[in-house]
Amino acid sequence: MENFSPQPLQLSQAHLNLLTTCPRKFQHIYLEQLHAPQSSQQQARQTLGARFHWLMQQQELGLAVTGFIQADPDLQRWFAAFDQAPPQMLVGERHSEYRQTLVWQDYLLVSVYDLLILGPHQAQILDWKTYPRPQNPKWLQQNWQTRLYPYLLVEASDYAPGQVSMTYWFAESSQNEGQSQSLTFAYSDSLHEQTRQDLTRILNQLTNWLKAYGQGEQFPQVETAVNCPDCSFVIRCQRQLEPSPQPAKVASLPEIEMPL
């Protein structure tokens, strides 16, 4: 009889962000497959964002998108904003919706680049956001998308960390006068090493939590309950401090979701 090794668990930046903010919520969403229903407005916004990403890919491939764009005022506005204020981009080999993976022990780290440009001496990762540019970019710099995407590219290529950058372009930022619609983060040797250390710690924790979960234990809860009243699992986690007249908000998930 043949022995089949189990498939490694896939982890995206969305998984890592949730593991570092609330391990118990990671358990509810990704292990127990519990999802609070989305409002019609949230569903429409998510669908529109997905359409914009798809159309950007089609345009990158040289396919006609005019008919699709004209059918939606928001898509028209976003595409016009991109034409008027595109991000600065390297000259090089271009790959749209490029999937990059890395096997790490029992895990498969996954990233999907909206656009990847590979030059002779530099590489640029680009990501399209359908929300305004944040006033304080620090939270985005610390987000696991900004950390994981360059890390996987460096590990899978001959580029040094200092040759890699990541650029975000914000479709809704045209309303902010005088503010660039793009934001670029440079990568470095020190950031690469710090990311390696943090990944090692987080994935070691996850391995222990999964082992304990298989024996009937719950994933850890966050120490403070500051964000719990806005979480859709506040009652399930027994963190509801007082009855609220308003329904719990549904936490919005990142644009790219990788299933386990």
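Just the heavy atoms: all of them, side chains too, but no hydrogens, waters or symmetry mates, feed the values below. If you read the sequence from its start, that first residue is 1, and numbering goes on from there.
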With heavy-atom distances below 4.5 Å as the criterion, would you say the side chains of [X] and [Y] are in contact?
X	Y	value
I202	L16	yes
R133	Q181	no
Q122	S165	no
L203	L11	yes
E172	F170	no
L206	Y107	yes
Y113	L126	no
W104	T200	yes

Residue pair N143, N17: steps toward the side-chain contact (heavy atoms from CB on, under 4.5 Å) verdict: CA-CA 7 Å; N143 188 281; N17 278 320; 3.1 Å; yes
In terms of ring plane angle, is the pair [X] and [Y] parallel, tilted or perpendicular, where the classes change at 30° and 60°?
X	Y	answer
F79	F52	perpendicular
H28	F233	tilted
F26	F219	parallel

So, [X] side chain and [Y] main chain: donor-acceptor pair closer than 3.5 Å or not?
X	Y	result
T146	L140	yes
Q58	L63	no
H15	S12	yes

Which residue, L108, L109, L210, forms the side-chain contact (heavy atoms from CB on, under 4.5 Å) with L9? L210
Quick check for you: to the nearest 0.5 Å, what is the distance between [X] atom [atom1] and [Y] atom [atom2]?
X	Y	atom1	atom2	value
W209	R24	CH2	CZ	11.0 Å
C231	R236	SG	CZ	11.5 Å
L115	H53	CG	NE2	11.0 Å
S111	R99	OG	CZ	8.5 Å
L153	L116	CG	CG	5.5 Å
Q163	D158	CD	CG	9.5 Å

Which heavy-atom pair separates [X] from [Y] by the least distance, and what is that distance?
X	Y	answer
Y159	V154	O-CG1, 3.6 Å
P150	V164	CB-CG1, 3.9 Å
S39	Q42	N-OE1, 3.0 Å
S182	T167	CB-CG2, 4.1 Å
A186	L191	O-CD1, 3.6 Å
L118	A123	CD2-CB, 4.0 Å

After noting the C-alpha distance and the side-chain angles of R51 and D72, does the key distance pass the side-chain contact (heavy atoms from CB on, under 4.5 Å) rule? CA-CA 10 Å; R51 289 187 65 195; D72 191 293; 4.0 Å; yes
Would you say the side-chain atoms of Q27 and E32 include a donor-acceptor pair closer than 3.5 Å? yes
Is the positively charged end of R147 above the ring of W144, judged by distance under 6.0 angstrom from the centroid and angle within 45° of the axis? yes
Please walk me through it: do D114 and I125 pass side-chain contact (heavy atoms from CB on, under 4.5 Å)? CA-CA 8 Å; D114 289 345; I125 302 166; over 6 Å; no
Carefully, step by step, assess E193 and Q197 under the rule side chain to side chain donor-acceptor pair (under 3.5 Å). CA-CA 6 Å; E193 180 56 32; Q197 293 177 15; 3.2 Å; yes
Could you check whether D127 pairs with K129 (Lys NZ or Arg NE/NH1/NH2 to Asp/Glu carboxylate O, under 4.0 Å)? yes
Are [X] and [Y] linked, directly or through other ILVMFWY residues, by side chains that come within less than 4.5 angstrom of each other?
X	Y	result
V103	V110	yes
I117	L61	no
L19	W139	yes

Go through the steps for H95 and E93 under the test side chain to side chain donor-acceptor pair (under 3.5 Å), then give the verdict. CA-CA 7 Å; H95 302 271; E93 184 179 332; 2.7 Å; yes
Please determine whether the number of non-hydrogen atoms from other residues, nucleotides or ligands lying under 6.0 Å from atom OH of Y98 exceeds 12. no
W128 and ring-ring contact (aromatic ring centres under 6.0 Å, His included): which single residue from F82, W54, Y168 fits?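 Testing W128 for a ring-ring contact (aromatic ring centres under 6.0 Å, His included) against F82, W54, Y168 leaves exactly one candidate, F82.
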Sequence neighbours excluded, which residues qualify as side-chain hydrogen bond (donor to acceptor under 3.5 Å, both in side chains) partners of H192? E155, Y187
Please test T101 against L152 for side-chain contact (heavy atoms from CB on, under 4.5 Å), starting from the C-alpha separation and ending with a verdict. CA-CA 7 Å; T101 62; L152 295 186; over 6 Å; no
